[in-house]
Novice: 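Handing you a structure now.
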Protein chains: 2
Amino acid sequence: MQITRAGEYGVMGLMHLARRRPGQRTMIDEVSRQQRISKSFLAKIFQSLVKAGLVRSIRGAGGGFALAKNPAQIPVLEIIEAVEGRIVFHRCKMARPDCEHVGGCALCGLFERAQDGLKDALTRTTLADLIEQQEKIELTQPKGRLN
Amino acid sequence: MQITRAGEYGVMGLMHLARRRPGQRTMIDEVSRQQRISKSFLAKIFQSLVKAGLVRSIRGAGGGFALAKNPAQIPVLEIIEAVEGRIVFHRCKMARPDCEHVGGCALCGLFERAQDGLKDALTRTTLADLIEQQEKIELTQPKGRLN
DNA sequence: TTAATTCGGACCAAAAACGTCCGATATATA
DNA sequence: TATATATCGGACGTTTTTGGTCCGAATTAA
């Protein structure tokens, strides 16, 4: 299991894009500076997001990235899995020959339920939800303060 | 976040103990062989379980380990956290000065919900539940077959 | 006293996380 | 066409975590 900085940065990056007008391109450099994420690292992460079809990239001068889909159509889980691969919890699968456990596997069942609990939360919340919550938070926060 | 082999082995080890008569002592060596887990590694894991008060250890010849509590009183989460420390997901906490995110933190809220979903499943299932499920599985499985 | 067991910590190798760097490629514009 | 500006893609490197091993010390039954 994971949910590493890479996944986290991916979500933050997409949030940044999503606050632009739809289709507007944004450079990696701007996202990197404003979100305080290493530029080269973020660039690599964005490549995964492009491959997954979540963002469109425009190369060359005046290029950048733009969201490829409606934020309401993007569950956060999809972003995270685009960046760090499928989230898989249980090391063994019930009734499978590759299960390493001796004497059956009630554990596998439990891990699967745990995993579902996790994924449910990440699937129910979309990028659009995140933005909305974010904007609410910003309203109630004093201006001068970072985070 | 985690749920590593160490945690998994811890649960397997306790399942093994729980199938003994209450209070009966079992040696690390037996658990190790029957569950096919490295003995030294398992020994280290059991030390954490002792510290957490989940098992009692008896040193010296004829010693071993025994469950310190009723299996129905032990949520699986407790076992896992005893072995690998608290499961913590969100790197930042809303409204805390140590939150690294710029511009508030809807992400933290989401991560917290995801974490809760995960922990819920691991808390609702106790060691006793696991044993029960395990026994059901074993009944339906052909004898000669491993896992 | 001896054999059997856990305790505790030092140690180690491999993998994963978290990046950096750089040349290649594409594109807008002067 | 030349140049400046961006992304693309992969090689590379460092640090942390994982998954153990090992061994001497302490404890206890016989």
Side-chain angles (χ1 to χ4, degrees), chain A residues 1-13 16-17 24-33 35-68 80 82-89 91 100, chain B residues 1-13 16-17 24-33 35-68 80 82-89 91 100:
Chain A
M1 237 295 301
Q2 61 267 66
I3 285 198
T4 62
R5 290 199 185 276
E8 189 180 338
Y9 292 165
V11 178
M12 290 168 71
H16 195 97
L17 293 197
Q24 190 182 353
R25 48 188 76 170
T26 309
M27 286 185 306
I28 232 4
D29 199 65
E30 176 192 319
V31 183
S32 151
R33 257 181 299 114
Q35 302 295 325
R36 299 187 189 164
I37 300 172
S38 143
K39 185 178 161 183
S40 358
F41 193 30
L42 192 59
K44 196 156 74 168
I45 291 166
F46 264 63
Q47 286 185 35
S48 311
L49 295 173
V50 171
K51 261 184 218 144
L54 292 176
V55 300
R56 248 177 45 236
S57 70
I58 304 99
R59 297 171 71 163
F65 296 92
L67 221 48
I80 293 179
V83 174
E84 40 196 58
R86 276 194 84 70
I87 290 181
V88 178
F89 235 59
R91 311 170 174 290
E100 311 147 355
Chain B
M1 237 295 302
Q2 63 266 66
I3 284 199
T4 63
R5 292 204 182 276
E8 188 180 339
Y9 293 165
V11 178
M12 290 168 71
H16 195 96
L17 292 197
Q24 191 183 352
R25 49 188 74 168
T26 308
M27 287 184 308
I28 217 46
D29 198 64
E30 177 192 319
V31 183
S32 152
R33 258 181 299 115
Q35 302 295 327
R36 299 187 189 165
I37 299 171
S38 142
K39 185 178 160 184
S40 358
F41 193 30
L42 192 58
K44 196 157 77 169
I45 291 166
F46 264 63
Q47 286 185 36
S48 311
L49 296 173
V50 170
K51 259 184 221 144
L54 293 176
V55 298
R56 247 176 49 235
S57 70
I58 305 100
R59 296 171 71 162
F65 296 93
L67 221 50
I80 293 179
V83 174
E84 39 196 56
R86 279 193 80 74
I87 291 182
V88 178
F89 235 59
R91 313 170 175 288
E100 311 147 354

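Being a predicted model, the structure only gives us computed values, none of them experimental. First the proteins, then the strands, lettered A, B, ... as listed; each starts at 1.
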Novice: In whole Å, what is the span from the CD1 atom of B/Ile28 to the P atom of D/dT21?
Specialist: 13 Å
Novice: Looking at every non-hydrogen atom in both residues, tell me the closest pair between B/Ser32 and B/Ile37 and how far apart they are.
Specialist: OG-O, 2.8 Å
Novice: How close do B/Tyr9 and B/Leu42 get, counting heavy atoms only, and between which atoms?
Specialist: O-CD1, 4.1 Å
Novice: So does B/Tyr9 get a side-chain nitrogen or oxygen closer than 4.0 Å to the phosphate oxygens (OP1/OP2) of D/dG20?
Specialist: yes
Novice: Distance check needed: D/dT7 P versus A/Phe65 CZ, whole Å only.
Specialist: 5 Å
Novice: What's the CD-C1' distance between A/Glu84 and C/dG19, to the nearest Å?
Specialist: 15 Å
Novice: State, with a plain yes or no, whether a side-chain heavy atom of B/Leu67 is found less than 4.5 Å away from one of B/Arg56.
Specialist: no
Novice: Mind listing the residues from residues 43-60 of chain B sitting with a heavy atom below 4.0 Å of DNA chain C? Number order is fine.
Specialist: B/Gln47, B/Ser57, B/Ile58, B/Arg59, B/Gly60
Novice: Return the value, rounded to whole Å, for the distance between atom CZ of B/Arg25 and atom P of C/dA4.
Specialist: 17 Å
Novice: How far apart are the closest heavy atoms of A/Gly53 and A/Ala68, and which atoms are they?
Specialist: O-CB, 3.5 Å
Novice: Of all the heavy-atom pairs spanning B/Ala52 and B/Ala82, show the shortest one and how long it is.
Specialist: CB-CB, 3.5 Å
Novice: Please state how far atom CZ in A/Arg36 lies from atom P in C/dC18, giving the value in whole angstrom units.
Specialist: 20 Å
Novice: How close do B/Ala66 and B/Gln24 get, counting heavy atoms only, and between which atoms?
Specialist: CB-O, 3.4 Å
Novice: Which comes earlier along DNA chain D counting from the 5' end, the contact point of A/Met27 or that of B/Ser38, where each point is its nearest nucleotide?
Specialist: A/Met27
Novice: Rounding to an integer number of Å, can you tell me how far A/Arg5 CZ sits from D/dT17 C1'?
Specialist: 14 Å
Novice: What is the distance, to the nearest angstrom, from the CZ atom on A/Arg33 to the C1' atom on D/dA6?
Specialist: 14 Å
Novice: Counting only side-chain nitrogens and oxygens, does A/Thr4 get under 4.0 Å of the OP1 or OP2 atom of C/dA16?
Specialist: no
Novice: Tell me, which pairs form a salt bridge (Lys or Arg N to Asp or Glu O under 4.0 Å) where one or both residues lie in residues 38-47 of chain A, sequence neighbours left out?
Specialist: A/Asp29-A/Lys39
Novice: Rounded to whole Å, how long is the line connecting atom CZ of A/Phe41 with atom C1' of D/dT14?
Specialist: 13 Å
